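In this text the structure is predicted, and so the values were computed from the model without any measurement.
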Amino acid sequence: MVITAYFCVFCFCGRLNCSNVFFCLEVNVTCHGDSVTLTWTLNASRDADPSRIFLGNCHPSSYSNHTGRGVATFRALFRDCRFKRVVTGDHLIYKNMLAYRPSAKPNPPEIFHEVLCVFDRPDNWIPPLFSSSYGAVHGYGGLHFYIGIMKDDFSGPAQSTSFPVGSQIPIWAAVDQQAHMPLILFLQECVAATVPEMGASHQVYPLITNGGCLVDSKEGASKFHPRRRTSEMFLSLQAFDFGVEEDVYIHCKIAVWDPKNLNRQMKACNYVRELGRWELLDDPSRNSLCSCCDTQCHYRKGRSAELDSQGLIQNAVLGPLTIVDV
């Protein structure tokens with residue numbers, strides 16, 4: 001799908017070294033699925049230097065000058081030229097800056113114009129798995145599970161997996177439902193450990209227990225965030241004083257379930273310290289489902305076995321990450 005946006009006759013009249021040179025420009029932007037084609041037509045009293053025209057950090061793919069009107073053409077992939085991707089609840093946005101910079105930095109550009117390509121966010125969209133902050137997740141029965149450490153605003157994968165004690169570790173989990181009926185995703189159990197493969201003798205730091213109780217929200221600033229879709233979860237963990245300066249792995253049990261049938265096994269509970277109580281993320285009117293978080297949320301073994309046999313519960317390992325004592 002091609003989206004074309006026209007920015008016609010934008011007149012940015014910046015002066016260069018106090019001279020009387022003025023530029024007027026016309027920008028035509030065509031947004032493709034993974035790239036952009038842009039033409040920038042300048043009307044100037046003198047020719048612009050094409051080596052000083054930039055889209056992000058890229059020079060024009062081609063440049064021509066006819067009858068005093070310079071035309072710079074860019075053909076760029078969104079993964080190049082320092083495009084920034086912003087993910088909102090409904091949109092994927094790619095943004096960059098078009099600039100004419102006659103003098104090198106730190107001098108400011110003479111002309112600049114923001115370039116935006118906005119797409120509807122597909123229901124099954126997930127970030128590309130190009131970061132070591134993503135963990136190994138197993139799919140079953142056509143379901144594919146994902147978990148990753150994200151930027152603070154959850155707009156993409158984290159650039160670093162090192163976190164000072166007390167800082168926030170943003171975690172995103174999702175399931176690609178494909179042709180399945182609507183499902184709701186939960187993080188049933190999560191613990192931190194210093195090994196990628198768990199054994200009975202390994203020491204762990206509990207994060208989520210009792211089928212969705214975020215126990216780390218009772219003592220610290222960890223919390224589940226409101227969902228954008230039932231098929232994904234957003235979680236901020238306060239970096240814990242465990243495994244400091246070692247490789248740390250977060251082991252989680254991810255589950256999907258019928259969104260109409262929340263129960264003590266399938267839930268997401270935050271502890272709200274201001275109110276001194278547990279609260280159900282998806283429906284605060286049913287907080288009673290979280291009342292067992294301080295004791296033991298008993299499961300029906302038959303139901304648990306049925307879930308495992310159907311592949312609706314999967315194990316995931318996220319890491320390694322590093323907790324730094326500052």
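Counting heavy atoms from C-beta on, the side chains of Glu189 and Ile208 never come closer than 4.5 Å. The side-chain heavy atoms of Val215 and Leu207, taken from C-beta on, include no pair separated by under 4.5 Å. Within the 4.5 Å cutoff, side-chain heavy atoms of Phe240 are placed close to those of Ile323. Here the side chains of Ile254 and Leu187 are in contact, with some heavy-atom distance below 4.5 Å. Contact of the Val36 side chain with the Val29 side chain is registered, since non-hydrogen atoms from C-beta on lie closer than 4.5 Å. Looking at heavy atoms from C-beta onward, Thr73 lies in side-chain contact with Val71 at the 4.5 angstrom threshold. By the 4.5 Å heavy-atom criterion applied to side chains, Arg277 and Asn287 are counted as neighbours. Between Asn270 and Leu281 there is a side-chain heavy-atom pair separated by less than 4.5 Å.
Aromatic rings of Trp172 and Phe154 (six-membered ring for Trp) have centroids beyond the 6.0 Å cut-off, not under it. Between Phe83 and Tyr94, the distance separating the two ring centers is not shorter than 6.0 angstrom.
The CG atom of Leu289 sits 13.5 Å away from the CH2 atom of Trp278 when rounded to the nearest 0.5 Å. The CG atom of Leu235 lies 12.5 Å from the CE atom of Met150; values are rounded to the nearest 0.5 Å. Between His32 atom NE2 and Asp34 atom CG the span is 9.0 Å, to the nearest 0.5 Å. Rounding to the nearest 0.5 angstrom, the gap separating the CG atom in Asp282 from the CZ atom in Phe224 is 9.5 Å. One finds the CG atom of Leu98 at 6.0 Å from the CG atom of Leu55 (value rounded to the nearest 0.5 Å). Note that CG of Asn315 is 9.5 Å distant from SG of Cys252, once rounded to the nearest 0.5 Å.
Without hydrogens or angle criteria, Ser217 side chain to Tyr271 main chain gives a donor-acceptor distance under 3.5 Å. Panel note: side chain Gln188, backbone Met266; no donor-acceptor pair is recorded below 3.5 Å. Put simply, the side chain of Gln238 gets close to the backbone of Ala221: a donor and an acceptor are under 3.5 Å apart. Between the side chain of Asn261 and the main chain of Asp258, no donor-acceptor pair closer than 3.5 Å is present. Distance alone, capped at 3.5 Å, places no donor-acceptor pair between the Arg229 side chain and the Ile184 backbone. Side-chain atoms of Asp216 do not come within 3.5 Å of backbone N or O of Leu237 as any donor-acceptor pair. Using a distance-only test at 3.5 Å, with no hydrogens or angles considered, no donor-acceptor pair links the side chain of Arg227 to the main chain of Met233. For the pair Lys267 (side chain) and Asn210 (backbone), a donor-acceptor distance under 3.5 Å is present. Judged by distance alone, with hydrogens and angles left aside, the side-chain atoms of Asp247 form no donor-acceptor pair with the main-chain N or O of Pro320 at under 3.5 Å. With hydrogens and angles disregarded, no donor-acceptor distance shorter than 3.5 Å links the side chain of Arg75 to the backbone of Leu38.
By the rule that hydrophobic residues join a cluster once side-chain heavy atoms approach within less than 4.5 Å of another member, Leu77 and Met97 end up as members of separate clusters. No continuous path of ILVMFWY side-chain contacts below 4.5 Å connects Val115 to Phe54, so the two sit in separate hydrophobic clusters.
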Stepwise side-chain contact (heavy atoms from CB on, under 4.5 Å) check, Ser35 with Phe78:
CA-CA 5 Å; Ser35 64; Phe78 290 135; 5.5 Å; no

Might you work through the side-chain contact (heavy atoms from CB on, under 4.5 Å) test for Thr194 and Tyr249, ending with a clear yes or no?
CA-CA 6 Å; Thr194 55; Tyr249 299 83; 5.9 Å; no

Just do the side-chain contact (heavy atoms from CB on, under 4.5 Å) check on Val256 and Phe145 with the steps written out, would you?
CA-CA 10 Å; Val256 289; Phe145 295 81; 3.8 Å; yes

Begin from the C-alpha positions of Thr30 and Thr39 and carry the test side-chain contact (heavy atoms from CB on, under 4.5 Å) through to its verdict.
CA-CA 9 Å; Thr30 302; Thr39 59; over 6 Å; no

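Of all heavy-atom pairs between Glu219 and Arg273, the closest is O-NH1, 3.9 Å. Among all heavy-atom pairs drawn from Val175 and Leu185, the shortest one is N-CD1, 3.6 Å. When every heavy atom of Phe163 is checked against every heavy atom of Ala239, the shortest pair comes out as CB-CB, 4.2 Å. Of all non-hydrogen atoms in Ser155 and Asp153, the two that sit nearest each other are OG-OD1, 2.7 Å. Heavy atoms only, all atoms of each residue included: Leu214 and Ser222 are closest at CD2-C, 3.8 Å. In terms of heavy-atom proximity, His251 sits nearest to Pro196 at CE1-O, 3.0 Å.
Cys pair Cys213/Cys290: SG-SG separation is not below 2.5 Å. The SG atoms of Cys269 and Cys293 do not sit under 2.5 Å apart.
Between Asp294 and Lys218 there is a salt bridge, since at least one side-chain N of the basic residue sits less than 4.0 Å from a carboxylate O of the acidic one.
Under the 6.0 Å distance and 45° angle rule, Arg264 does not count as a cation-pi partner of Phe186. For the pair Arg228 and Phe234, the cation-pi criterion (under 6.0 Å, within 45° of the ring axis) is fulfilled.
Ser51 and His59 are not linked by any side-chain donor-acceptor pair at a separation below 3.5 angstrom, with hydrogens and angles left out of the test.
Heavy atoms from other residues, nucleotides or ligands lying under 6.0 Å from CD of Glu197 number 12 at most.
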